[in-house]
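Because the structure is a prediction, the values reported are computed rather than measured.
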Amino acid sequence: MTSPISNIPAHLKRYVVNQHYEKYSPINQAVWRYVMRQNYYFLKDAAHPYYVDGLRKSGIKIESIPKIEEMNACLQPFGWGAVSIDGFIPGVVFFDFQSHGILPIAAEIRQLEHIEYTPAPDIIHEAAGHAPILCHPQYANYVKIFGEIGRKAIATKEEHEVFEAVRTLSALMESSNATEEDIQKAKEDLAAKQKAVTEVSEAEQISRLYWWTVEYGLIGDLQHPKIYGAGLLSSVGESAHSLTDQVKKIPFDLETAIQTGFDITQMQPQLFVCQSFEQLISAVQEFSTRMAFSVGGTESLFKALRSSNIVHVTYSSGLQATGIVSKVLCDDQGEAICFQTDGMTAFSYGNQQLDGHYKEAHPEGIIAPIGNLQGMSKPIEQFKDDERNEWNIAPDQTCQLVFEGGLAIRGKIQQIIQRNGKIILINFHGADISYQGEILRDVDSGPYTMPVGASVISVAAGAADPESYYSEEVPSPLQSESISQREWSPLEKLYADVRAIREKNKENMDRLLNVVQELDSSFPGDWLLRLEILEIIVGLRGKWASVEKKLLLQLEQLKQKGPEMTRLITNGLKLIRG
């Protein structure tokens, strides 16, 4: 079997973890089985035709939690693979995985208390939701294209802070050790972070497009659509709810989708119905034309500035600068004439880091001029020998370069670096840099590397050469050791016994009677195991008829706990009775 990490770029391996299949408890397995039986029962008729066959082809079983390594092998004929990750990862990282045809799957599974829905990533959503439709070639292509585009989207600083707050809250909600006070504090922090968001970035817009298609998309006829979105394919309640008249069906339209926000904690009040997956491919490609990586220029630099996160800026010369944009200087017309980065900055060309210009070589950031020299219509990157001589642009020469916007750089040149006949970098022994009488850098600050380019043609999230830029952050793949099997709780042991009787040892029915007795005495509030026992004994005569009657009465009493419990038990009984 091919290793699930064999084709993962090195910079993504730090997010990959062992699945540790042995950590799943019998209750975890029962939660998976309940959700999958419910979903399969409804979705075999309501989902996209590829869903049912896609479950089998992608290595997903109804009866037990899938092994992600097996899913990886099953998905390879469709141009995809799968890896196990540890919970929430940044959106650009998630898209980066998908751009390489890799489905990242959170290894955790929701608690029984959150069986209908959890905001935290879990294996039910990311395996059973995302994987089956990837067997459809056009849809698989759409998700891969989306990943390639989405990983370049720039978010604001405030949106990054919201992401961290959501990750914290979701982890607490699925933690057995979190207190109500911890959860409430995290909710308040998230609300404050959300309130601080004052603009809709391109990252938020493309996240909305992803939400209304990959996560919550419908396809086909507006009156009788089919489900393909992973959020619907993995939800016990919302998949059925989505096709009712309570949910407004809207013909898919790019502009409407990116202008429509969403709440991950609520069932969606409206859903978009696309005509085909080809329509979605056209939409995401159209959206990409307005993103910073396509547009470039001043507008895109200011997107990077508001992000306060790592981006890479590409010059017309082909040079790429990776770092955190901290300042943008503009001329009287509001056009950028220079940008600065804060902290470690690297230079690349063609997405390959340049020798000697790794981020540690520029630990305090860079000052990066933009534009032509005053009086010159030709950009520096295209200068021939006579034009270089005119401006003293040569090793061991002291030159003064005054740009059209007024930025002035004076120093002694050490080296000129070219690629494909163009100047891309000029290294100075030291340099004075000033703008409108303000000293931005003095010659005593040491060597200075000047990036060369007449214009900024692209700004994108992340590093130009992530393998090099993040190299020291990449641990050995799957480095964590196998965890020891913990002792199961008394209730978990009962679940294990019932599972064994159902799957392997149906003649050991005396043990089943003991389980029923232990449930009565110690776990009067457990509904799921009672359903599993009913599934085994329904229709049997003799003593089992009285046990069946008792279990049914107990389940009716448990329904009184509220509408969610009523719904869960009613749906479970419906399957048992056929």
Side-chain angles (χ1 to χ4, degrees), residues 32 35-62 66 68 70-83 94-95 97-106 121-150 206-207 209-221 224-236 238-243 249 252 257 268 271-285:
W32 170 273
V35 174
M36 290 304 298
R37 277 166 50 83
Q38 290 291 322
N39 280 354
Y40 182 81
Y41 174 77
F42 176 74
L43 293 170
K44 61 183 173 57
D45 300 315
H48 188 282
Y50 265 68
Y51 172 74
V52 172
D53 201 35
L55 285 173
R56 177 183 58 81
K57 289 181 176 178
S58 59
I60 296 173
K61 303 171 184 175
I62 304 295
I68 295 174
E70 292 179 1
M71 287 186 63
N72 177 69
C74 291
L75 286 169
Q76 287 184 10
F78 306 100
W80 278 77
V83 293
F94 185 82
F95 289 140
F97 272 107
Q98 294 192 332
S99 73
H100 291 90
I102 301 168
L103 179 63
I105 298 175
D122 85 324
I123 195 168
I124 293 178
H125 170 75
E126 295 185 358
H130 282 287
I133 313 298
L134 286 176
C135 299
H136 188 289
Q138 281 75 39
Y139 180 74
N141 188 36
Y142 169 63
V143 177
K144 195 174 290 187
I145 292 171
F146 203 116
E148 178 63 30
I149 293 169
I206 203 167
S207 292
L209 181 58
Y210 192 85
W211 181 267
W212 296 123
T213 60
V214 178
E215 293 290 358
Y216 281 85
L218 301 175
I219 189 169
D221 179 70
H224 304 285
K226 296 292 186 180
I227 296 170
Y228 72 89
L232 298 174
L233 294 178
S234 59
S235 171
V236 174
E238 194 157 11
S239 54
H241 177 71
S242 70
L243 298 183
K249 312 302 187 301
F252 174 79
Q268 306 308 307
L271 295 172
F272 292 86
V273 183
C274 69
Q275 298 171 0
S276 66
F277 294 138
E278 287 81 0
Q279 182 187 17
L280 300 184
I281 293 173
S282 297
V284 72
Q285 289 175 333

(request) Look only at the side chain of His100 and the backbone of Ile102, and say whether a donor-acceptor pair between them is shorter than 3.5 Å. (result) no
(request) Spell out, as yes or no, whether a donor-acceptor pair under 3.5 Å connects the side chain of Ser235 to the backbone of Gly231. (result) no
(request) Could you tell me the separation between the OH atom of Tyr228 and the CD atom of Glu215, rounded to the nearest 0.5 Å? (result) 10.5 Å
(request) List the atom of Ala127, the atom of Ile60, and the distance in Å for their closest heavy-atom pair. (result) O-CD1, 3.1 Å
(request) May I ask you to check whether over 12 heavy atoms, not counting those of Phe78, lie within 6.0 Å of atom CZ? (result) yes
(request) Assign the ring pair Tyr142 / Phe146 to parallel, tilted or perpendicular, where the plane angle (0 to 90°) is split at 30° and 60°. (result) perpendicular
(message) Strictly distance-based, threshold 3.5 Å: is any side-chain N or O of Lys226 a donor or acceptor partner for the main-chain N or O of Asp45?
(response) yes
(message) With a 3.5 Å distance limit and no angle check, can you tell me whether Lys44 reaches the backbone of Tyr51 through a side-chain donor-acceptor pair?
(response) no
(request) For residues Leu280 and Val214, determine if any side-chain heavy atom of one lies less than 4.5 Å from a side-chain heavy atom of the other. (result) no
(request) Can you measure from CD1 (Ile68) to CD1 (Ile105) and round to the nearest 0.5 angstrom? (result) 4.5 Å
(message) Is there a side-chain contact between Tyr41 and Ile62 in this structure, where contact means two heavy atoms from C-beta onward sitting under 4.5 Å apart?
(response) no
(message) Give me the atom names and distance for the closest heavy-atom approach of Ser58 to Cys74.
(response) C-CB, 3.7 Å
(request) For this output row, return yes or no: ring centroids of Phe95 and Tyr210 closer than 6.0 angstrom. (result) yes
(request) Supply the atom-to-atom distance Ile219 CD1 to Cys274 SG, rounded to the nearest 0.5 angstrom. (result) 4.0 Å
(request) Show the numbers, then the answer: is there a side chain to side chain contact (heavy atoms under 4.5 Å, CB included) between Phe277 and His48? (result) CA-CA 11 Å; Phe277 294 138; His48 188 282; 3.6 Å; yes
(request) Mark yes when over 12 heavy atoms from residues, nucleotides or ligands other than Gln275 sit less than 6.0 Å from its CD; otherwise mark no. (result) no
(message) As an exercise, state the distance from CD of Gln279 to OG1 of Thr213, rounded to the nearest 0.5 Å.
(response) 10.5 Å
(message) Please check this pair: side chain of Asn72 against backbone of Val83, looking for a donor-acceptor N/O pair closer than 3.5 Å.
(response) no
(request) Verify whether one side chain among Gln268 and His241 offers a donor that lies under 3.5 Å from an acceptor in the other. (result) no
(request) Would you indicate whether the side-chain heavy atoms of Asp53 and Cys135 approach each other to under 4.5 Å? (result) no
(message) Could you check whether any side-chain heavy atom of His125 comes within less than 4.5 Å of a side-chain heavy atom of Asp122, counting everything from C-beta outward?
(response) yes
(message) Do Phe97 and Leu103 make a side-chain contact, defined as non-hydrogen atoms from C-beta onward lying under 4.5 Å apart?
(response) no
(message) Which heavy atom of Leu233 sits nearest to which heavy atom of Ala47, and what is that distance?
(response) CD2-CB, 3.8 Å
(message) Please report the interatomic distance CG(Asn141) to NZ(Lys144), rounded to the nearest 0.5 Å.
(response) 7.5 Å
(request) Can you see which heavy atom on Val35 is nearest to which on Ser234, and at what distance? (result) CG1-O, 4.1 Å
(request) Keeping the roles fixed (side chain from Trp32, backbone from Lys61), state whether a donor-acceptor pair exists under 3.5 Å. (result) yes
(message) Measuring only between side-chain heavy atoms, which start at C-beta, is Ser239 closer than 4.5 Å to Asn39?
(response) yes
(request) Would you name the heavy atoms of Ile133 and Tyr139 that are closest together and state the gap between them? (result) O-CD2, 3.3 Å
(message) For the backbone of Ala106 and the side chain of Glu126, can you confirm whether one donor and one acceptor N or O come within less than 3.5 Å of each other?
(response) yes
(message) Any non-hydrogen side-chain atom of Val52 less than 4.5 Å from a side-chain atom of Tyr40?
(response) yes
(message) To the nearest 0.5 Å, what is the distance between OG on Ser242 and CG on Leu218?
(response) 5.5 Å
